[in-house]
Amino acid sequence: MAALANEPAKLLSNEPVGPRLFLMELESPYIARTILPGQFVHMRVNQMADHILRRPFSVYRTDPGEGRVVILYQVVGYGTDYLTGLSPEADPAIELVGPVGRPWGARTGGERADAGRVLLVAGGVGAAPLYLLAQQLVERGAKVDMVMGAQTRSALVTLSDYRERLGIGVECATDDGTYGERGFCTGLASRRLDGGCASDGAPYDLVCCCGPEPLMRIVSDMAAEVGVACQVSMERRMACGVGACLSCVVDTAAGKRRACVDGPVFDADEVVWR
Amino acid sequence: MAALANEPAKLLSNEPVGPRLFLMELESPYIARTILPGQFVHMRVNQMADHILRRPFSVYRTDPGEGRVVILYQVVGYGTDYLTGLSPEADPAIELVGPVGRPWGARTGGERADAGRVLLVAGGVGAAPLYLLAQQLVERGAKVDMVMGAQTRSALVTLSDYRERLGIGVECATDDGTYGERGFCTGLASRRLDGGCASDGAPYDLVCCCGPEPLMRIVSDMAAEVGVACQVSMERRMACGVGACLSCVVDTAAGKRRACVDGPVFDADEVVWR
Amino acid sequence: MALAVDLGGLRMKNPVTVASGTFAAGREFHDFVDVASLGAVTTKGVSLNGWEGNASPRIAETPCGMLNSIGLQNPGVRHLLEHDIPWLESIGATTMVNVSGHSFQEYVEVIEALEQSQAVHAYEVNISCPNVDAGGMAMGCRTDSVERVVSMCREATARPLIVKLTPNVTDIAEIARAAESAGADGISLINTLLGMAIDPERRRPQLARVVGGLSGPAVKPIALRMVWEVARAVQVPVLGMGGIASGADAVEFMLAGATAVAVGTANFVDPQATVKVIDGIADYCERHGVSDVNELIGALEC
Amino acid sequence: MALAVDLGGLRMKNPVTVASGTFAAGREFHDFVDVASLGAVTTKGVSLNGWEGNASPRIAETPCGMLNSIGLQNPGVRHLLEHDIPWLESIGATTMVNVSGHSFQEYVEVIEALEQSQAVHAYEVNISCPNVDAGGMAMGCRTDSVERVVSMCREATARPLIVKLTPNVTDIAEIARAAESAGADGISLINTLLGMAIDPERRRPQLARVVGGLSGPAVKPIALRMVWEVARAVQVPVLGMGGIASGADAVEFMLAGATAVAVGTANFVDPQATVKVIDGIADYCERHGVSDVNELIGALEC
Ligand SMILES: Cc1cc2nc3c(=O)[nH]c(=O)nc-3n(C[C@H](O)[C@H](O)[C@H](O)COP(=O)(O)OP(=O)(O)OC[C@H]3O[C@@H](n4cnc5c(N)ncnc54)[C@H](O)[C@@H]3O)c2cc1C
Ligand SMILES: Cc1cc2nc3c(=O)[nH]c(=O)nc-3n(C[C@H](O)[C@H](O)[C@H](O)COP(=O)(O)OP(=O)(O)OC[C@H]3O[C@@H](n4cnc5c(N)ncnc54)[C@H](O)[C@@H]3O)c2cc1C
Ligand SMILES: Cc1cc2nc3c(=O)[nH]c(=O)nc-3n(C[C@H](O)[C@H](O)[C@H](O)COP(=O)(O)O)c2cc1C
Ligand SMILES: Cc1cc2nc3c(=O)[nH]c(=O)nc-3n(C[C@H](O)[C@H](O)[C@H](O)COP(=O)(O)O)c2cc1C
Ligand code: FES
Ligand code: FES
């Protein structure tokens, strides 16, 4: 994997795209070039001075040629709220530590990266860290299906990217039923797992899931039941973001492991859910 | 005196005007209307969140009709440096507590406010809190002379306002001799005090001085020597800025007095210099 | 919604008072807030004949906090009784007087003087000031001296007696228990943490007195922990303070076990902080379906 | 310009090390800084057979600081000796190992294991961790236990023995003197201040362990004061830490009496913080005409 850098990043755009959802585009050439699907950046914004810690964000899309990374973020607290106020004109001082973490498929190496039939399951902003993976899989000619859940229609902000840019079939569920099935996306995921790959009905080789922890637990149980390998991307509060402080540990069969560098992607069957 | 308010203020402009010197214009109607010469505002800027205290600034000029106040500030530390980055476009949240403090001439009431011949002595940004006084005196028909010191020519940023807007005679000294006399302005002040009012040679009724403490001490000694009343504006680090915390005390003949509300203007002969 | 609380016999119309020394006797803030609307006004520490306090500079800003070394400058209890208490009475404020002394006896004499006024509703005995050489913090660091001074004060008054503790100790719960056993009706904490700031350019301390007391948001986690420890160690109510700047902060202290809270350094940042904290508590109760603010006291789930 | 200092026998090429637990054993930061260029690397606290640490969440952000309750998770001294020390040796780093134990005897056994490696240059004995139930802070709060554990460690090694103190005590100077008299070659401080954070919406503590240790800029004034007090109380050198994030911060600690300083939480904010602090100290010396950094130690004028 690429060496870590602390790259000064230039803010190019920062726009609302849905309910409490923003898309931020940054110029950060090294990270754009080296980041792997599932890895993240640890972001520092200078003027957030009373909030001293960095904030981790997955990279949603990249444009390696132009040296750009795109982050999709949801406003949940001080830091993400602060981010919404940044504008390219004010030229805020932003630094990204990255590329951090174990990417999707990294655990057991070649086999999974070459997976032929993959089901992606995303809840909320969990759709962001799956996009680069989907792109990579499509480029490799894998068959990719996706199930996506969100609170409401307007929160399905990544849907068109998956459908139109990548040409992936995506089934949706919304909590309020304003788009797709009403309720959680676990029902859709379950039917897909039972029915197999949308194009040929063959069983999946791999499920990759990112979203709220309860969703990931249910999906990982379902995958285990039908005997399909499953990976999940875990979130923890992070201080260093580089593996040094042990603030981000996840309980696993092998003991407490660091979400930042031993993850964020874990094999679902390793995780001891809390 | 007017009641204190905590007035939200709108930043209208914020421009460099000299070496580490900036002019900031704010819309703050209540304060613009009520502030008296020598009083100050206690400024809060929201995003300076790790620096929790407000910063006190004298009001340099006002436009009561338009509800505007102008502040002249010098960059000396974090807060004043932070101010330089504010722009009206970003619409920063600024609040001003004011009008605070005893104004010039307030101590012995009518007599001094009606002073007929006044010498103003300003060192550096000490020129700011004297402008409203000069304006008031000129409007009342008093004879006003001024002595102004600064490090270098380009730091004499208030000079044209005094000369052109108010038509006051100003003699200058600069440390580097790039304008006026070379050296400190104490020499000029001494000669003026000896020579009397520029227009008629009659002795001054009052000296008002603001600048570094050593300057104020020397001027106050000189005034005492020639028997002219003298007032000085004292600076102290301030927490509350409204008289409650006792962080800003000045040693006076009557004990420790608060610079924020018992001052900032003190009768020079009361001050026990440190 | 019911906001009234009882702090060891002191009836407060809401749980919010001010931290002594940050609000004088209220008058300076009356242009900003209706001082009588506070749960109580806690006045600046007062001694028998007044003190001059320390030399300037007396404050320094630190990350998310400030140091002060005022040193309990005050004009003495007579002045308070003649000038400040009558004003507080005239506006109908609930008044708690913060009491200081250089000796155990001085505390008693200050209280005796204050007993003459009906407009003094409670005492906060400050055995925790880090900025005076005699009395103050040293006294508040040992159980034996705490017990002694509190007992003596207890004998001097039947009014609510709140004892204010210093956080600069190894075991705050032990000190609190000593105060309780000596007759305190409530425990108030935290006073400031002893700290220091240096100007590296001038190689000098930023405070004339070298060290001073740290307050403000920076100390909140320490204050919250101590309030939690003390609330579990004593039966009497706790007045919590240290970095409170919002309704949420106040609720956190109440969840940790405080019956009432004090707003201190935040008054300097926002002169309307007290009423914003009161409104913030009320909002919180409304949002969470809490009909009586007393339900929040010690309601932390852990 | 001479930047080298001697910390109780530990030769450091500059006065800057890292605070234990914030830098692992250096490897995680080697992409950002040349780890061998530090005055020393202080490794994460290590126990005999390793500990699991506390449950998650283990950190919470607070105003200008953070709380942690990692609980000394570590894989044991064998793992350190097999994986980390050889790497540190290979890059030529100066290494100080932070030693933990659940009993006095465990400290000794950890040191004995480490004595086998020539690449361990000093010990920092941590008797101050607020996040473990046995050992840790309680031990560091009493002079008798401090003397005992330090004496035992002293007997186990002739290498520089630095004793790391907890700030959660009434009289830090007294504890430092106890450590010195028991044979410490240096005193390191401060470890974290015990604190707490609450999520008012969920009415729960933010940390699974409820309380944790406060670090970062918020604690700097307290750390600086304690370093100043300890430096005046003992003859042995002091390793100062607590909120250091810049060269100016480091200089302040040295002026207060520290011989060397450690960068902790700042590593999380800026992974290049250590080298920036070193460069900042050098800049300061240059600007002030200081030819040897040792001139700064205790040079505060007050
Ligand atoms: C590897 C990784 C990748 C992530 N990718 C994205 C992304 O692409 N888009 C996105 O919107 N968010 C992402 N997150 C979550 C994001 O980091 C948090 O939402 C953000 O840090 C919250 O900051 P705040 O200051 O707004 O919230 P705070 O005010 O700090 O906290 C608000 C709430 O969020 C919780 N929280 C804070 N930090 C984290 C964290 N790191 N993990 C879990 N919960 C946290 C707090 O406990 C609290 O309950 C990711 C997190 C991780 C660990
Ligand atoms: C009544 C009054 C009126 C003032 N009017 C003006 C004005 O019109 N224009 C102007 O440029 N400045 C004025 N000042 C000074 C101004 O308040 C300080 O320069 C400012 O607060 C420094 O903030 P900072 O964050 O940049 O500096 P900091 O980083 O806080 O400190 C930098 C240095 O300035 C000193 N300092 C900080 N605050 C004060 C203070 N209040 N008084 C004296 N020294 C201080 C510090 O001790 C330190 O040495 C006034 C001060 C007072 C008390
Ligand atoms: C400027 C200042 C003066 C203070 N004076 C007193 C005092 O006279 N008596 C007292 O008991 N506490 C005094 N304190 C301590 C406060 O009452 C309070 O305990 C402390 O500041 C913590 O609260 P805060 O963080 O909200 O300010 C003072 C604090 C400050 C900042
Ligand atoms: C995440 C974290 C882990 C820590 N682990 C240890 C440790 O293992 N041993 C130890 O002695 N101190 C430990 N500490 C305390 C630091 O070494 C240091 O004393 C403290 O954080 C103050 O310095 P700072 O404010 O620069 O971080 C830890 C601190 C943090 C933040
Ligand atoms: S965030 Fe520090 S180890 Fe993961
Ligand atoms: S600044 Fe508070 S009394 Fe003057």
Side-chain angles (χ1 to χ4, degrees), chain A residues 1-8 30 34 42-46 48-56 76-79 82 93 95-100 213 234-252 254-263 271-274, chain D residues 18-33 43-45 50-75 131 197 199 201 206-208 212 215-218 243 245 264-273 276:
Chain A
M1 257 175 314
L4 292 175
N6 181 24
E7 186 166 52
Y30 174 74
T34 54
H42 209 28
M43 183 189 291
R44 179 186 187 192
V45 180
N46 244 341
M48 265 174 59
D50 56 333
H51 288 253
I52 60 168
L53 297 180
R54 288 174 179 246
R55 300 293 192 264
V76 300
Y78 178 91
Y82 186 82
E95 290 171 2
L96 303 180
V97 159
V100 197
E213 223 163 291
M234 303 294 289
E235 276 194 17
R236 285 291 179 274
R237 294 189 206 152
M238 292 180 177
C240 73
V242 299
C245 71
L246 308 179
S247 53
C248 61
V249 293
V250 170
D251 285 310
T252 76
K256 293 188 191 291
R257 318 263 340 238
R258 300 162 297 180
C260 63
V261 295
D262 302 323
V271 175
V272 179
W273 301 98
R274 50 183 180 189
Chain D
V18 291
S20 175
T22 66
F23 209 70
R27 217 184 312 204
E28 285 76 2
F29 283 87
H30 206 50
D31 283 350
F32 302 105
V33 294
T43 58
K44 167 75 184 166
W51 294 332
E52 256 226 307
N54 296 315
S56 288
R58 288 176 164 190
I59 57 164
E61 204 180 29
T62 66
C64 289
M66 64 176 282
L67 291 167
N68 88 79
S69 58
I70 309 297
L72 287 174
Q73 177 182 339
N74 79 88
N131 294 318
D199 179 345
E201 295 304 316
Q206 294 223 28
L207 300 176
S215 64
T265 300
N267 290 306
F268 308 156
V269 184
D270 180 353
Q272 284 134 349
K276 288 183 186 163

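All values below were derived from every heavy atom in this structure, side-chain atoms included, with hydrogens, water molecules and symmetry-related copies excluded. Chain letters run A, B, ... following the sequence lines, proteins first and then strands; every chain starts at 1.
Options A:Arg274, A:Met238, A:Lys256 differ in how many heavy-atom pairs under 4.5 Å they form with chain D, and the most are formed by A:Lys256. Between chain A and the options D:Ala218, D:Pro63, D:Gly21, D:Pro271, the largest number of non-hydrogen pairs under 4.5 Å is found for D:Pro271. When each of D:Gly26, D:Ala60, D:Gly65, D:Ala266 is scored by its heavy-atom pairs under 4.5 Å with chain A, the top score falls to D:Gly65. The candidate with the highest count of non-hydrogen atom pairs below 4.5 Å against chain D, out of A:Gly243, A:Gly241, A:Ala239, A:Ala3, is A:Ala239.
Expressed to the nearest 0.5 Å, how far CD1 of D:Ile70 lies from SG of A:Cys245 amounts to 5.5 Å. Of the inter-residue distances, the one linking D:Met66 atom CE with A:Leu53 atom CG reads 5.5 Å to the nearest 0.5 angstrom. Rounded to the nearest 0.5 Å, atoms CG (D:Leu67) and OG (A:Ser247) are 12.0 Å apart.
Contacts between A:Val242 and chain D at a heavy-atom distance below 4.5 Å involve backbone atoms as well as side-chain atoms. For D:Ala25, no part lies under 4.5 angstrom from a heavy atom of chain A. Interface residue A:Arg237: backbone and side-chain heavy atoms are both found under 4.5 Å from chain D. Looking at D:Phe32, only its side chain comes within 4.5 Å of chain A, counting heavy atoms on both sides. In this structure, the portion of D:Thr22 lying under 4.5 Å from any heavy atom of chain A is its backbone and not its side chain. For a residue to count as touching a neighbouring chain, one of its non-hydrogen atoms must lie under 4.5 Å from one of that chain's; by this rule D:Thr62 touches chain A with the backbone only.
When all heavy atoms of A:Arg44 and D:Asp270 are compared, the closest pair comes out as NH1-CB, 3.8 Å. For the residue pair A:Arg55 and D:Glu61, the shortest heavy atom distance occurs at NH2-OE1, 2.7 Å. Shortest non-hydrogen contact noted between A:Leu4 and D:Glu28 is CD1-O, 4.5 Å.
For D:Arg58 (side chain) and A:Leu246 (main-chain N/O), a donor-acceptor pair under 3.5 Å exists by modelled atom type.
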